[in-house]
Amino acid sequence: MSKLYLIPTPIGNLEDITYRAVRILKEVDVILAEDTRNTKKLLNHYGISTRMESHHKFNEYRKVTEIVQRIKSGEKVALVSDAGTPAISDPGYLLIKECIKENIGVECLPGATALIPALVSSGFPGDRFCFEGFLPHKKGRKARISGLAQEKRTIILYESPHRLLKTLHDLQQVIGNERMCTVSRELTKVFEETIRGNLSALTVHFSQHAPRGEMVIVISANKE
Ligand code: SAM
């Protein structure tokens with residue numbers, strides 16, 4: 001019975017992929033990739049010659065019905081994103097939902113994602129946490145941040161380097177200066193680092209050291 005495989009790919013270090021992921025990428029008929037040029041580097045590294053097709057946020061709506069039909073007629077399909085686990089702040093949700101609706105098996109392999117190493121490295125409790133992905137840039141941003149102020153679980157946010165300072169500043173305005181946070185950048189890469197401190201200290205740090213690379217913000221829970 002054919003199914004959809006969701007395959008996590010490295011978030012930096014090419015060694016962070018499982019043996020099973022490599023085997024499945026070799027065995028499927030087609031790999032749906034967010035950016036085929038990017039995934040090509042990974043496939044070359046592991047000697048995988050499977051055909052690729054692009055599947056990204058601009059064509060997923062258009063392609064989803066066709067892909068579901070192809071899986072139903074026996075095609076073996078794997079979905080990868082540029083980095084980490086598909087459907088985690090990346091394309092995939094739509095196809096997964098449609099496959100489930102059509103009684104197609106969906107199997108997500110465990111593997112690389114940025115939120116878990118950032119959470120664990122933060123040193124904040126990892127038994128209960130909430131992942132908020134990217135904050136909205138405009139509409140709903142204030143309400144979302146206000147909602148986080150009272151959150152009793154550790155909070156994880158994704159952010160881009162050029163918006164980090166604005167986000168730290170906005171968080172500070174609502175949550176206050178003292179809440180402890182971490183920013184993990186360049187996870188699994190040569191210049192990986194985790195900066196720890198309260199919101200005020202982190203804002204000062206990144207005002208003096210321009211934010212570079214990919215980053216995850218982790219905010220400790222409201223303990224009041
Ligand atoms: N699907 C991915 C995952 O499973 O983590 C997330 C993709 S999302 C488009 C990209 C965001 O993930 C970045 O803006 C950053 O917040 C985070 N990220 C990805 N790779 C990272 C890395 N090596 N170090 C720190 N953050 C990373």
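Basis for what follows: all heavy atoms, side chains included, without hydrogens, waters or symmetry-related copies.
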**Report entry** Pair T167-R141, side chain to side chain contact (heavy atoms under 4.5 Å, CB included): steps then yes or no
**Finding:** CA-CA 10 Å; T167 292; R141 182 175 172 91; 3.0 Å; yes
Any [X] side-chain heavy atom under 4.5 Å of [Y] side chain:
| X | Y | answer |
| --- | --- | --- |
| L202 | I217 | no |
| R185 | L164 | no |
| T182 | S121 | no |
| P110 | R20 | yes |
| D170 | L135 | no |
| S200 | Q172 | yes |
| V68 | C99 | yes |
| L4 | I96 | yes |

Whether [X] side chain and [Y] backbone form a donor-acceptor pair below 3.5 Å:
| X | Y | value |
| --- | --- | --- |
| N222 | E151 | no |
| N59 | H56 | yes |
| R153 | A221 | no |
| D35 | D82 | no |
| S184 | V216 | no |
| T154 | I219 | no |
| Y46 | L14 | yes |
| T188 | N13 | yes |

Query raised in the report: Does a side-chain N-to-carboxylate-O contact under 4.0 Å join R70 and E53?
Result: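 Salt bridge flag = yes for E53 with R70.
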Requested in this report: Run the salt-bridge test on K101 and E98 with the 4.0 Å N-O cut-off and return the result as yes or no.
Outcome: yes
Report task. Could you walk me through whether S54 and R37 pass side-chain hydrogen bond (donor to acceptor under 3.5 Å, both in side chains), step by step? Result -> CA-CA 10 Å; S54 72; R37 282 167 307 177; over 6 Å; no
Are [X] and [Y] in one and the same hydrophobic cluster, where Ile, Leu, Val, Met, Phe, Trp and Tyr link if side-chain heavy atoms are under 4.5 Å apart?
| X | Y | answer |
| --- | --- | --- |
| F206 | L171 | yes |
| L32 | I104 | yes |
| L94 | I88 | no |

Report task. Apply the test side chain to side chain contact (heavy atoms under 4.5 Å, CB included) to residues L25 and I17: give CA-CA distance (whole Å), side-chain angles for both, the deciding distance (0.1 Å), then the verdict. Result -> CA-CA 11 Å; L25 289 175; I17 187 162; 4.3 Å; yes
Query raised in the report: Roughly how far, to the nearest 0.5 Å, is the CD1 atom of I71 from the NZ atom of K3?
Result: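 Answer rounded to 0.5 Å: 11.5 Å.
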Requested in this report: Hey, could you give me the CD/CD distance between Q69 and E75, rounded to the nearest 0.5 Å?
Outcome: 11.5 Å
Query raised in the report: Are a donor atom and an acceptor atom from the side chains of T36 and R51 found within less than 3.5 Å of each other?
Result: no
Query raised in the report: Between L157 and E159, is a side chain to side chain contact (heavy atoms under 4.5 Å, CB included) present by the stated rule, with each step listed?
Result: CA-CA 6 Å; L157 298 175; E159 195 45 281; 5.7 Å; no
Do other residues, nucleotides or ligands put more than 12 heavy atoms under 6.0 Å from the [atom1] atom of [X]?
| X | atom1 | result |
| --- | --- | --- |
| K142 | NZ | no |
| F129 | CZ | no |
| E15 | CD | no |

Report summary line: With sequence neighbours left out, the residues meeting ring pair (Phe, Tyr, Trp, His ring centres under 6.0 Å) with F134 are Y158
**Report entry** Test side chain to side chain contact (heavy atoms under 4.5 Å, CB included) applied to L6 and T85, step by step
**Finding:** CA-CA 8 Å; L6 291 314; T85 300; 6.0 Å; no
Using a 3.5 Å cut-off and no angle test, enumerate the donor-acceptor pairs between side-chain atoms of residues 207-214 and protein atoms at least two apart in sequence or in another chain.
from	atom 1	to	atom 2	distance (Å)
S207	OG	T203	O	2.6
H209	ND1	H205	O	2.9

